[in-house]
Amino acid sequence: MKIGVLALQGDFAEHITVLRHLEVDTTEVRLPSQLDELHGLIIPGGESTTIGKLATTFGMIEPLRRFGHDRPIWGTCAGAIFLSGDAHRQQPLLDLLDITIERNAFGRQVNSFEIDLIIPALEDPERPFRALFIRAPLIERVGRGVEVLAHLPEDKERTGRVVAAQQGHILATSFHPELTEDNRFHRYFINLVKG
Amino acid sequence: MEKKESTFAVKKGLAQMLKGGVIMDVVTAEHARIAEDAGAVAVMALERVPADIRAYGGVARMSDPEIILQIMDAVSIPVMAKCRIGHFVEAQILEALGVDYIDESEVLTPADEAHHINKHEFKVPFVCGCRNLGEALRRIGEGAAMIRTKGEAGTGDVVEAVRHARAVIGEMRRLESMPDEELMTYSKDIGAPYNMVKETKELGCLPVVNFAAGGIATPADAAMMMQLGVDGVFVGSGIFKSGDPPRRAAAIVEATTHYNDPEILANISKGLGEPMVGIGVSELPETERLAERGW
């Protein structure tokens, strides 16, 4: 089994470090031909406009869509935006996950934060998952057949805000499991790839 | 644990999101849009690009907040802005404006010749310049969440960027193989906090993201810096002082991604129009070298 990490821009090296630590064969992906040998793909955090632009220039959009039709993809933050069907803005999107996403939903960098989430789908579900939200997007709407994996704890402002969702073998998180020591989300995705 | 804003992990985390990308100097909202369309991961708002700061002379300060706000309105990518070394009130103003990162920069005229800003006190993260590992660790010790090598801004000559990147990366390599009993003396020699030196050795890399800056003007320059081992690049005058800014900007972005693929690099380097004219750093008198500012 081999899981690639899209390396057009962003924190792909951090994902690769976690995958290697979990003894998964992995590689950086920059061109369409590099997708062939893979069983799953991670689209990292970064700037979604940059990733979308480079994917367009180097002919990656259609190959990524085809890949997502039969193989698992997980997008973190910018990756989640790129997987979505609607980000309220003209930018290249893969439209593999029926969600509407709001970019920079919490404001600017001074409003970036970390928080504990309870994620029932993970191993040891009682144990909180420390999640980093960096100029993070929110999943505003989930379509039919999209399962909500995590939302923010209730707070004064709003409730039930979705930050992780899955539709079949496509997975999206607003936050960055690759930036913390807790690798339960990576193991969850690896199991998805194993099928 | 409850919600916590502006932790060091979150400050450093934004820089991690910029990795493999290009941060472009812009002076107007129009520039910022060109940069975003070209695929920049962030823009750096400043009053004049470094080449013009050199040409005009005088005191270079933080930009007019009005312009910074216009730039923040114009783009969806992060907006950084520069303050003078040691000018903590300029930094407070930039934080109040809501910029995403502050560059405490030697490109502007220093406001304090002995002290940099205590960056731990701010919610907004800082990036600072360095010429070697000691300087990098001093800045991180003061709270910088991202480092860039200084190079020599506004010259279009990459030689200093190479010198500083090689210094930092070479010293890192030396540190990795250094026995623990030598770390205290090494800390003293390079003027860096002992705990930072120790942490860096244990990590096997700098504790924060390190970009290259100062003199990058072509796709080949950007790709060389990436091959030397930096995490991304800043381009200042190199774009908006060239003949065809949108095209050159896009080419530098593409080169930063495909830095290890000479065939792609050859392709994207074709027909970009005139590069910025530039000044050879070796022709520059000591007093005009911006990298000497900061300590």
Side-chain angles (χ1 to χ4, degrees), chain A residues 6-15 17 28 30-31 44-58 76-79 81 87-91 103-104 106-117 128 130-136 152-153 155 175-176 178-181, chain B residues 1-23 35-42 72 75-80 94-102 122-125 145 205 209 231-232 250-251 253-254 256-261 263-264 267-268:
Chain A
L6 192 67
L8 295 172
Q9 188 273 322
D11 71 336
F12 50 87
E14 282 77 351
H15 276 291
T17 303
E28 295 175 3
R30 291 184 176 81
L31 293 168
E47 278 307 315
S48 63
T49 50
T50 305
I51 293 171
K53 155 113 183 133
L54 285 161
T56 306
T57 306
F58 292 95
T76 59
C77 195
I81 297 169
H88 294 301
R89 193 180 178 281
Q90 274 300 91
Q91 68 181 77
R103 288 183 59 197
N104 302 334
F106 302 91
R108 306 198 70 96
Q109 172 63 12
V110 287
N111 307 112
S112 291
F113 62 97
E114 41 183 288
I115 198 166
D116 283 343
L117 300 177
R130 193 71 182 161
L132 267 61
F133 289 83
I134 299 170
R135 284 174 48 96
L152 286 174
D155 56 20
F175 51 94
H176 296 279
E178 73 279 16
L179 296 185
T180 49
E181 297 290 303
Chain B
M1 270 195 295
E2 52 190 71
K3 177 172 168 176
K4 276 194 186 159
E5 286 189 344
S6 300
T7 58
F8 194 71
V10 160
K11 289 174 168 179
K12 169 183 156 179
L14 179 56
Q16 288 173 284
M17 296 313 128
L18 305 176
K19 284 166 74 173
V22 182
I23 300 168
E36 184 177 48
D37 288 345
V41 287
M72 285 165 61
V75 294
S76 67
I77 55 179
V79 175
M80 301 183 164
L94 292 174
E95 180 173 73
L97 291 174
V99 302
D100 297 297
Y101 241 93
I102 295 177
F122 288 79
K123 282 184 77 180
V124 61
C205 61
V209 167
D231 297 316
V253 168
E254 290 160 15
T256 304
T257 293
H258 294 285
Y259 66 91
N260 243 338
D261 191 327
E263 278 179 36
I264 293 182
N267 222 354
I268 58 189

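Ranked by heavy-atom pairs under 4.5 Å with chain A, the first of B:M72, B:E36, B:E95 is B:M72. The candidate with the highest count of non-hydrogen atom pairs below 4.5 Å against chain A, out of B:D261, B:T7, B:V79, B:V124, is B:T7. Of all the listed residues (A:G45, A:A78, A:G10), the one sharing the greatest number of non-hydrogen pairs under 4.5 Å with chain B is A:G10.
Neither the backbone nor the side chain of A:A131 has a heavy atom closer than 4.5 Å to any heavy atom of chain B. Using a 4.5 Å cut-off between heavy atoms, B:T256 does not touch chain A at all. For B:D231, no part sits under 4.5 Å from any heavy atom of chain A, backbone or side chain. At a 4.5 Å heavy-atom cutoff, A:F106 makes no contact with chain B through either its backbone or its side chain. In this structure, chain A has no heavy atom under 4.5 Å from any part of B:V22. For A:T49, the part sitting under 4.5 Å from any heavy atom of chain B is the side chain, from C-beta outward, and nothing else. Only the side chain of B:A250 comes within less than 4.5 Å of a heavy atom of chain A; its backbone N, CA, C and O stay farther away. The contact between A:L132 and chain B is made entirely by side chain atoms (from C-beta outward), counting heavy-atom distances below 4.5 Å.
Taking OG1 of A:T57 as the start and NE2 of B:H258 as the end, the distance is 8.5 Å to the nearest 0.5 Å. Between the CG atom in A:D11 and the NE2 atom in A:H176 there is a gap of 6.5 Å [rounded to 0.5 Å]. The distance from the CD atom of B:E5 to the NZ atom of B:K11 is 12.0 Å, given to the nearest 0.5 Å.
The salt bridge (charged side-chain N to carboxylate O under 4.0 Å, His left out) check on B:D100 picks up A:R108, A:R135, with sequence neighbours excluded. With sequence neighbours excluded, no residue satisfies salt bridge (charged side-chain N to carboxylate O under 4.0 Å, His left out) with A:E178.
No hydrogens or angles considered: a donor-acceptor pair under 3.5 Å links the side chains of A:Q91 and A:S48. Of the N and O atoms on the side chains of A:Q109 and A:S112, at least one donor lies less than 3.5 Å from an acceptor on the other residue.
Nearest heavy-atom pair, B:K19 versus B:V209, reported as atom, atom and distance to 0.1 Å: CD-CG2, 3.8 Å.
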